[in-house]
Enquirer: 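Take a look at this one; I'll ask things after.
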Amino acid sequence: MKRCTRWASVLTVLTLIALLAAGVAAPAVSAPARQVLRLNLETGEPPTLDPPKIDNRAAGTIAKQLFEGLTRLDKDGNVIPGVAERWQVSTDGKVYTFVLRRNARWSNGEPVTAQDFVYSYIRTLGSRFGAPLVDNLFFIANAEEFNKGKITDQAQVAIKATDDYTLEIRLHTPAPFFLKLLPFFSVLPVSQKADQQNPRWMNEAATFVSNGPFRLTQWVHEQRIVLERNPTYWARDRVKLDGIEFTMVANPSTAYQNFQAGQLDMTRPPAELTGRLLAEKKAMVFPEARTFFVRFNNKAAPFTNASIRKAFSFAINREAIARRILQGGQIPLRGFIPHGLSSGTGDFRKQASDLYNDNDAAKARELLQTGLKELGLSALPELTMRTSNREIFTKIAQAVQAQWKQTLRAQVAIEVMEHRAFVAAVRAKTYVVAPFSTGADYDDAFNLVTQFTTDDFFNFTNYSNPEYDRLIRAAAVETNAQRRTQFMIDAEKVLIQRDMGIAPLYTNTQVVLQNPKLKGVYRYAVAEDDYRDAFFEP
Amino acid sequence: MGAYLVRRLLTSILTLWVIITLTFVLMHAIPGDPFISEARVSPQALDNLRRFYGLDQPLPVQYVRYLANLARLDLGRSIRSEVRNINQMIADGLPISALLGAEALILAVVGGVTLGVLAALGHNRLLDHVSIGLAIVGISVPSFILATLLITIFAVKLGILPVSTWGTWQHTVMPAFALGLAPLAYLARLTRSSMLEELGQDYVKAAIARGLSRWRVILGHALRNALLPVVTVLGPITAGILTGSFIIENIFGIPGIGKIFVLSISDRDYPLILSGAVVYSVLLLLTNFLVDAAYGVIDPRIRVLGKTR
């Protein structure tokens with residue numbers, strides 16, 4: 001037994017040495033002669049590559065390289081022409097007329113027509129189709145009614161091809177972000193002809209038809225996906241990569257080792273190494289338009305009281321959570337809308353600025369006493385915080401639990417649940433307080449603010465303030481961009497400054513390890529990466 | 001013999017049915033469903049998805065439907081993949097997992113028995129210490145640590161093996177070793193002790209006294225008897241390798257069935273969870289049957305075939 005223990009300790013030391021050695025080794029970099037970008041799909045085999053059926057970013061990133069929507073985003077996130085060469089917006093902001101380029105082709109050589117877009121959107125809206133992010137099309141007049149089966153005549157959905165290369169889309173309310181929504185994976189087009197000839201065209205590389213910078217040439221299930229430059233793409237001359245290869249390694253440590261061994265050009269480092277790699281400037285960090293926050297159930301005591309909610313929010317030290325605990329470059333957030341998300345007239349966060357000071361123990365204690373008095377309580381009851389078993393959530397839960405205990409003497413127990421069970425509990429509103437996150441699908445703050453209106457299906461916080469509802473309704477129909485921004489800024493003030501309906505924590509980030517020779521990758525706080533202009537320096 | 005086989009088959013089917021039913025009840029008892037996520041998916045879209053996958057039907061209907069399909073050997077459609085049905089996923093993944101499992105099992109049995117016999121023969125000498133030292137390493141190092149260590153040394157540092165994924169024989173070396181080392185160590189220790197016990201028996205001494213060659217006695221008599229406990233544990237060891245492959249396939253990014261089934265649980269991919277239970281149960285029932293049959297071959301005193309002793 002003694003011998004056994006000695007062996008075990010020797011081995012433990014050896015293992016640690018090996019792991020440390022692995023960590024400090026410089027990445028072996030070898031740019032292949034052919035320009036092939038080698039990436040990994042952490043989430044494994046994508047369930048589908050049929051754009052409207054996709055519900056996750058990994059598959060969405062592949063679809064983005066394979067397909068092209070009416071518009072694209074440039075490297076700064078501005079709208080540029082995609083399949084649509086130019087467009088006109090009516091003065092009431094509701095009617096969009098797109099003129100499609102005549103040299104846009106599907107990978108089978110057929111032209112991309114306005115009818116393909118009509119077909120694609122009607123297909124997505126079909127109630128039996130099961131498109132998870134179908135809501136992104138609900139800005140189109142009658143689209144939601146058609147999806148719900150209230151309208152059965154598809155001609156009533158306000159999207160029509162006036163000729164082969166002219167597409168007209170009418171919205172029910174103006175949506176200034178509509179052009180930015182069009183490159184999103186869930187609204188990318190499919191070929192009508194290919195889909196009608198073979199409804200299972202998307203399942204194998206041999207039958208796959210797409211219209212983007214790359215085409216699918218190999219799909220070995222659970223192993224790899226290979227894309228090649230699409231010879232029929234209208235801007236094929238500007239595509240510098242010969243191809244993109246995706247492997248499917250779900251384990252982040254293995255993916256990191258692949259990167260170290262020079263077998264991947266880009267990956268996300270494992271959580272335990274993130275802080276160090278960032279400090280050593282070996283990894284890069286990019287903001288992601290996703291807010292991590294603490295949900296208070298506004299209908300569960302003691303969080304029915306705004307003073308108590310504020311006390312809990314002011315007691316949190318966001319800087320410490322980001323810097324010392326998560327170490328992934330997260331940006332402390334003192335408002336609801338994350339950094340990097342547009343208001344329609346600029347960066348929302350910069351325009352709205354910070355809405356409170358946190359880590360303010362004195363103010364937090366004072367507010368706690370006020371709140372307790374208002375509730376007629378002498379002390380805080382014991383509370384239970386439900387959380388997901390995903391590492392990021394348990395870390396957040398433990399951090400705020402400790403800070404609340406220290407500052408407010410609050411006794412908060414943590415109940416860790418399996419992730420989906422946790423999300424189900426939050427959706428069912430069977431929680432008192434819980435960490436959560438919410439991210440934008442397209443680059444406009446409006447995408448996130450609706451979820452705290454009283455009747456929104458996504459309002460799992462039970463937050464309700466008629467003033468907030470009024471401001472969001474006003475923003476929804478406002479055609480003047482400045483006024484619209486102001487409505488949303490005012491609404492956020494009601495939600496956070498006045499009511500503290502939730503306690504925002506930080507803007508999330510993406511930490512990336514990248515082959516230093518790889519250039520021209522476009523990353524966005526909202527959308528998926530774009531590799532159309534990527535290349536390797538010699 | 002025929003009657004025994006039929007009885008064995010019937011009890012196996014019954015066992016399988018119990019497993020399926022329990023899995024069905026348990027997986028639906030876990031809160032959450034396949035489409036629940038943090039994303040802003042509307043109740044309408046959720047309803048559409050549930051209808052699309054037939055999850056809007058009452059549970060008894062889903063249960064009966066699954067059993068009926070299973071009787072036709074149709075495992076249904078995975079929610080995780082729009083692209084392939086489950087039969088196809090298993091057809092793609094099973095040969096890979098089977099190859100990996102077989103390599104690990106052969107490594108464990110051949111290596112373990114050899115090491116155990118050598119240790120017993122060189123009892124308390126260098127060979128014994130080396131063998132047992134190796135065995136202790138194998139038992140005390142968890143497979144995922146071993147896997148990381150192997151990757152670091154052989155793939156990253158030395159660059160002689162690929163880090164991960166699948167395709168050539170080089171891809172199988174590290175995973176098979178990581179998967180097979182623990183059972184190898186266990187078998188070595190087991191073989192050593194049962195071999196030592198047999199070597200001290202009177203019949204061995206008598207055989208040697210009768211002038212039979214030492215190797216003939218060791219391999220023909222002692223080893224044969226010493227292997228009996230080894231065969232007994234082959235069933236559990238195969239089970240261990242099958243379930244161990246869950247972790248190893250994940251670490252090495254191997255497209256086997258272990259990886260698929262592990263993900264199926266967190267994904268709440270109901271049809272795939274059930275199929276995982278079915279496939280692994282069939283494999284284990286089969287292994288147990290083979291182990292029982294092997295008893296009869298190795299030890300004529302044991303007659304599982306129902307004859308009176």
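Convention: sequence-line order gives letters A, B, ...; per-chain numbering from 1.
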Enquirer: Shortest non-hydrogen contact from B:Ala45 to A:Pro132?
Expert: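 Here B:Ala45 and A:Pro132 meet closest at CB-O, 3.7 Å.
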Enquirer: With side chains defined as the heavy atoms from C-beta onward, is the minimum distance between B:Asp92 and A:Gln223 less than 4.5 Å?
Expert: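 No, too far: nothing below the 4.5 Å cut-off.
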Enquirer: Would you name the heavy atoms of B:Val83 and A:Asn203 that are closest together and state the gap between them?
Expert: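 The answer is CG1-O, 3.1 Å.
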Enquirer: Supply the atom-to-atom distance A:Leu49 CG to B:Glu82 CD, rounded to the nearest 0.5 angstrom.
Expert: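 Between atom CG of A:Leu49 and atom CD of B:Glu82 there are 10.5 Å.
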Enquirer: Can you tell which of A:Glu222, A:Met248, A:His221 makes a side-chain contact (heavy atoms from CB on, under 4.5 Å) with B:Pro255?
Expert: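 Filter result, single survivor: A:Glu222.
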Enquirer: If you count heavy atoms of other groups shown closer than 6.0 angstrom to CZ of A:Phe184, is the number above 12?
Expert: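 Counting neighbours around CZ of A:Phe184, more than 12 heavy atoms of other residues, nucleotides or ligands fall under 6.0 Å, so yes.
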Enquirer: Measure the CG-CG distance between B:Asn250 and A:Asn251 for me, rounded to the nearest 0.5 Å.
Expert: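 It comes to 5.0 Å.
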Enquirer: Measure the CD1-CE distance between B:Ile30 and A:Met417 for me, rounded to the nearest 0.5 Å.
Expert: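 Nearest 0.5 Å value for the CD1-CE distance: 11.5 Å.
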Enquirer: Minimum heavy-atom separation for B:Ser164 to A:Val249, with atom names?
Expert: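 It is OG-CG2, 3.5 Å.
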Enquirer: Which heavy-atom pair separates A:Ala261 from B:Val163 by the least distance, and what is that distance?
Expert: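 Reported closest heavy-atom pair: CB-CG2, 3.7 Å.
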Enquirer: Report the distance from atom CG of A:Asn389 to atom OG of B:Ser266, rounding to the nearest 0.5 Å.
Expert: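 The distance works out to 9.0 Å.
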Enquirer: So, A:Thr254 side chain and B:Phe252 main chain: donor-acceptor pair closer than 3.5 Å or not?
Expert: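 Checking the backbone N and O of B:Phe252 against the side chain of A:Thr254, no donor-acceptor pair under 3.5 Å is found.
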Enquirer: Do you know which of B:Ile254, B:Leu49, B:Leu146 has the most heavy-atom pairs under 4.5 Å to chain A?
Expert: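 Among B:Ile254, B:Leu49, B:Leu146, the one with the most close pairs to chain A is B:Leu49.
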Enquirer: Which bit of B:Leu46 comes within less than 4.5 Å of chain A, counting heavy atoms only: side chain, backbone, both or neither?
Expert: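 The side chain, not the backbone.
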Enquirer: Using a cut-off of under 4.5 Å for heavy-atom pairs, which of A:Gly44, A:Pro47, A:Ala424 has the most such pairs with chain B?
Expert: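 So the answer, after comparing A:Gly44, A:Pro47, A:Ala424, is A:Pro47.
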Enquirer: With no hydrogens and no angle check, is any side-chain donor or acceptor of A:Arg420 less than 3.5 Å from a backbone partner on B:Ile36?
Expert: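 A pair under 3.5 Å: yes.
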Enquirer: How many angstroms lie between atom CG of A:Asp135 and atom CZ of B:Arg40, to the nearest 0.5 angstrom?
Expert: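 Reported value, rounded in 0.5 Å steps: 6.5 Å.
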Enquirer: Is A:Phe393 atom CZ crowded by more than 12 heavy atoms from other residues, nucleotides or ligands, each under 6.0 Å away?
Expert: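 Enclosed.
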Enquirer: State whether B:Lys259 and A:Glu45 are salt-bridged, where the test is any N-O pair (Lys NZ or Arg NE/NH1/NH2 against Asp/Glu carboxylate O) under 4.0 Å.
Expert: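 Not counted as a salt bridge, because no side-chain N and carboxylate O are separated by less than 4.0 Å.
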Enquirer: I need the minimum non-hydrogen distance between B:Ser37 and A:Val423, along with the two atoms involved.
Expert: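 It is O-CG1, 3.6 Å.
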Enquirer: Checking heavy atoms, do the side chain of B:Phe35, its backbone, both or neither come under 4.5 Å from chain A?
Expert: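 Only the backbone of B:Phe35 comes within 4.5 Å of chain A.
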Enquirer: Does a sphere of radius 6.0 Å around CD in A:Glu42 hold more than 12 heavy atoms from other residues, nucleotides or ligands, not counting ones at 6.0 Å or beyond?
Expert: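 Result for CD/A:Glu42: enclosed.
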Enquirer: Would you mind reporting whether A:Gln257 and B:Thr148 have side-chain heavy atoms less than 4.5 Å apart?
Expert: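 Touching, per the 4.5 Å side-chain cut-off.
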Enquirer: Taking atom CD1 of B:Ile151 and atom CG of A:Asn258, what is their separation to the nearest 0.5 Å?
Expert: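 Nearest 0.5 Å value for the CD1-CG distance: 8.0 Å.
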Enquirer: Can a donor-acceptor pair be found, under 3.5 Å and without considering hydrogens, that links the side chain of B:Arg51 to the backbone of A:Arg128?
Expert: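 Here the side-chain-to-backbone pair does not exist.
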Enquirer: Closest heavy-atom contact between B:Ala39 and A:Phe458?
Expert: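 Shortest heavy-atom separation between B:Ala39 and A:Phe458 comes out as O-CE1, 3.4 Å.
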Enquirer: Evaluate the side-chain proximity of B:Thr165 to A:Arg224: yes if any heavy-atom separation is below 4.5 Å, no if none is.
Expert: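 Sidechains of B:Thr165 and A:Arg224: no contact.
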Enquirer: For A:Arg427, is there an ion pair with B:Asp33 - N to carboxylate O distance below 4.0 angstrom?
Expert: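 Salt bridge: no.
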Enquirer: Check whether B:Arg50 gets within reach of chain A through its side chain, its backbone, both or neither, counting any heavy atom under 4.5 Å.
Expert: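 B:Arg50 has no heavy atom closer than 4.5 Å to chain A.
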Enquirer: Counting only heavy atoms closer than 4.5 Å, note whether A:Arg57 contacts chain B via side chain, backbone, both or neither.
Expert: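 For A:Arg57, there is no contact with chain B at all, as no heavy atom is under 4.5 Å.
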Enquirer: Please state whether the side chain, the backbone, both or neither of A:Thr247 comes within less than 4.5 Å of a heavy atom of chain B.
Expert: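 Just the side chain, heavy atoms under 4.5 Å.
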Enquirer: Between A:Glu418 and B:Ile265, is there a side-chain heavy-atom distance shorter than 4.5 Å?
Expert: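 Contact flag for B:Ile265/A:Glu418 side chains = no.
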Enquirer: In terms of heavy-atom contacts, does CZ of B:Phe52 have more than 12 from other residues, nucleotides or ligands at under 6.0 Å?
Expert: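 Yes.
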Enquirer: Using non-hydrogen atoms and a 4.5 Å limit, figure out which bit of B:Glu38 sits close to chain A: side chain, backbone, both or neither.
Expert: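 Contact with chain A is through both the backbone and side chain of B:Glu38.
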Enquirer: Given heavy-atom pairs under 4.5 angstrom as the criterion, report whether the side chain, backbone, both or neither of B:Ile96 touches chain A.
Expert: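 Contact with chain A: side chain only.
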